A.B. asks: 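Please find one structure pasted underneath; my questions will follow.
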Number of protein chains: 2
Amino acid sequence: MKYSNEELTTELKIKHIRLSHQRVRILDYLASQLNHPTADQIHTGLRKEIPTLSKTTVYSTLNALADAGVVRVIHIEGNETRYDIRAEDHGHFKCESCGTIYDFTADIDSLATGDLKNFDIKDRNLYYKGTCPTCIGEKI
Amino acid sequence: MKYSNEELTTELKIKHIRLSHQRVRILDYLASQLNHPTADQIHTGLRKEIPTLSKTTVYSTLNALADAGVVRVIHIEGNETRYDIRAEDHGHFKCESCGTIYDFTADIDSLATGDLKNFDIKDRNLYYKGTCPTCIGEKI
DNA sequence: TAGTAAACTGTAACCAATACAATCTTGAAA
DNA sequence: TTTCAAGATTGTATTGGTTACAGTTTACTA
């Protein structure tokens with residue numbers, strides 16, 4: 001899913017999030033960089049155009065956007081939090097060799113979850129790990 | 001799944017993991033406490049019977065057992081790593097109100113993953129978040 | 001029994017994330 | 001347009017889970 005600037009603006013207004021310059025830029029960055037960046041990568045990437053941007057702002061913005069459901073938090077590995085523009089249901093595959101995170105489509109809603117009959121499910125995350133085709137080829 | 005001491009011993013030998021006193025105790029603890037403890041909880045819980053147990057040992061043991069596939073690492077939340085005796089495929093549901101982590105059965109293998117045709121998938125994790133029935137009841 | 005490789009211990013260090021207080025900005029009312 | 005309060009940003013200090021490392025201890029094998 002690719003957001004336009006106008007769509008982002010509209011969505012943020014609906015969620016009652018103030019549209020500061022920094023927040024718009026962070027969302028733009030997430031929409032243009034689809035490689036699941038960390039907060040640090042976002043901070044480094046945006047410092048070129050916003051030299052005063054602080055890391056605290058990046059974190060607080062990402063937390064606010066995650067609470068509002070605009071971005072998805074990815075905890076596929078314990079020592080790194082990554083972020084994604086929230087899109088239709090999909091899983092994340094992390095290659096343990098090269099570290100790349102791939103999206104893959106998966107109909108998570110179709111999973112039978114009889115055990116959770118009376119649970120209120122707000123968020124579903126599917127994480128796979130293994131080796132990607134590129135790294136499999138290099139091992140030969 | 002519930003391991004007996006004998007089964008644990010056998011499984012560890014197969015995986016070529018030395019059976020130190022500390023490692024056996026950590027595995028016993030995981031097999032008896034099915035509440036997905038953190039490394040710190042394991043350390044605190046075992047200090048009663050092994051006063052000299054260091055946190056470093058707990059971490060290195062858990063990492064070794066995870067590499068060998070005997071325990072499962074749970075990263076449902078970014079700031080806490082939890083551990084589980086590896087069992088048949090199941091997902092984890094975390095209640096955002098009380099923090100409890102529930103197991104639920106889910107046939108993860110049944111998910112269509114055409115996007116990952118040439119990927120070598122070694123590990124599958126399914127994480128849900130929301131509110132558990134107990135906390136839903138208390139909110140009324 | 002001796003010797004070597006691995007495991008354990010405890011301290012120090014690391015680093016992502018957060019707390020906090022001061023400053024700045026935004027949006028709306030007057 | 002001006003004013004002002006609520007909210008956002010900034011930068012520093014701090015936290016807390018995890019790892020690095022060096023010395024000591026333990027476990028397996030010959």
Side-chain angles (χ1 to χ4, degrees), chain A residues 8-10 12-29 36-68 70-71 73-83 94 99 101, chain B residues 8-10 12-29 36-68 70-71 73-83 94 99 101:
Chain A
L8 277 173
T9 303
T10 303
L12 287 172
K13 276 188 178 163
I14 292 170
K15 304 279 188 182
H16 303 296
I17 293 184
R18 278 197 184 178
L19 292 173
S20 70
H21 176 62
Q22 290 88 339
R23 289 183 171 177
V24 172
R25 285 292 180 234
I26 288 171
L27 269 168
D28 280 351
Y29 187 87
H36 319 91
T38 63
D40 194 70
Q41 288 171 334
I42 296 169
H43 179 244
T44 302
L46 288 176
R47 273 251 163 155
K48 298 163 192 166
E49 51 171 307
I50 315 173
T52 63
L53 181 67
S54 79
K55 239 176 190 175
T56 305
T57 298
V58 175
Y59 278 108
S60 74
T61 295
L62 291 169
N63 287 338
L65 295 175
D67 286 346
V70 180
V71 306
V73 181
I74 304 173
H75 282 148
I76 198 168
E77 205 75 34
N79 56 347
E80 60 182 23
T81 303
R82 295 179 169 275
Y83 299 89
K94 173 158 185 171
I101 293 178
Chain B
L8 276 174
T9 302
T10 303
L12 287 172
K13 277 187 177 165
I14 292 171
K15 303 280 186 182
H16 303 296
I17 294 184
R18 277 199 185 178
L19 292 173
S20 71
H21 178 61
Q22 290 89 340
R23 290 185 170 174
V24 172
R25 285 291 180 237
I26 288 171
L27 269 168
D28 280 350
Y29 187 87
H36 318 90
T38 63
D40 194 69
Q41 288 171 334
I42 297 168
H43 180 243
T44 302
L46 287 177
R47 272 253 164 154
K48 298 163 191 164
E49 52 172 304
I50 315 174
T52 62
L53 181 67
S54 79
K55 237 177 192 177
T56 303
T57 298
V58 176
Y59 278 108
S60 73
T61 296
L62 290 169
N63 287 338
L65 295 175
D67 285 347
V70 179
V71 307
V73 181
I74 304 173
H75 281 147
I76 197 168
E77 206 76 34
N79 57 345
E80 60 182 23
T81 302
R82 296 180 170 275
Y83 299 89
K94 172 155 187 173
I101 293 179

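On a predicted model such as this, the values are computed, not experimentally measured, just so you know. Every chain is numbered from 1 and lettered A, B, ... according to where its sequence line falls, protein lines coming before strand lines.
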A.B. asks: Using the side chain to side chain contact (heavy atoms under 4.5 Å, CB included) rule, take B:Ile42 and B:Leu62 through it: C-alpha gap first, then chi angles, then the decisive distance, then the call.
C.D. replies: CA-CA 10 Å; B:Ile42 297 168; B:Leu62 290 169; 3.9 Å; yes

A.B. asks: Specify the separation, in whole Å, of atom CD1 of B:Ile76 and atom P of D:dG17.
C.D. replies: 18 Å

A.B. asks: Tell me: NE2 of B:His43 to C1' of C:dG10, nearest whole Å?
C.D. replies: 10 Å

A.B. asks: Report the distance from atom CG of A:Leu53 to atom P of D:dT12, rounded to the nearest whole Å.
C.D. replies: 14 Å

A.B. asks: Using whole Å, report how far CD of B:Glu77 lies from P of C:dT18.
C.D. replies: 10 Å

A.B. asks: Please name all residues satisfying side chain to side chain contact (heavy atoms under 4.5 Å, CB included) with B:Ser20, sequence neighbours left out, ordered by chain then number.
C.D. replies: B:Gln22, B:Arg23

A.B. asks: Passes side chain to side chain donor-acceptor pair (under 3.5 Å), A:Thr57 versus A:Ser60? Steps please.
C.D. replies: CA-CA 5 Å; A:Thr57 298; A:Ser60 74; 5.2 Å; no

A.B. asks: To the nearest Å, give me how far apart CD (B:Gln41) and C1' (D:dG17) are.
C.D. replies: 13 Å

A.B. asks: At their closest point, which heavy atom of B:Ile17 faces which heavy atom of B:Ala68, and how far apart are they?
C.D. replies: CD1-CB, 3.5 Å

A.B. asks: Is the distance from OP1 or OP2 of C:dT9 to the nearest side-chain N or O of B:Ser54 less than 4.0 Å?
C.D. replies: yes

A.B. asks: Using whole Å, report how far CG of B:Leu65 lies from P of C:dA7.
C.D. replies: 11 Å

A.B. asks: Respond yes when some side-chain nitrogen or oxygen of A:Thr52 is under 4.0 Å from OP1 or OP2 of D:dT10, and no when none is.
C.D. replies: yes

A.B. asks: Spell out, as yes or no, whether a donor-acceptor pair under 3.5 Å connects the side chain of A:Arg82 to the backbone of A:Val73.
C.D. replies: no

A.B. asks: Does OP1 or OP2 of D:dT10 have a side-chain N or O of A:Gln22 closer than 4.0 Å?
C.D. replies: yes

A.B. asks: Just by protein heavy atoms under 4.0 Å, how would nucleotides 18-30 of chain D read 5' to 3' in B, S and -?
C.D. replies: SBBB---------

A.B. asks: Please give me the minimum heavy-atom distance between A:Ala39 and A:Tyr83, naming the atom from each residue.
C.D. replies: N-CE1, 4.0 Å

A.B. asks: Starting at the 5' end of DNA chain C, which residue's closest nucleotide do you reach first, B:Arg47 or B:Arg23?
C.D. replies: B:Arg23

A.B. asks: Between A:His36 and A:Ile101, which heavy-atom pair has the shortest distance, and what is it?
C.D. replies: CE1-O, 3.4 Å

A.B. asks: Expressed in angstrom and rounded to an integer, what is the separation of B:Asp67 atom CG from C:dA7 atom P?
C.D. replies: 12 Å

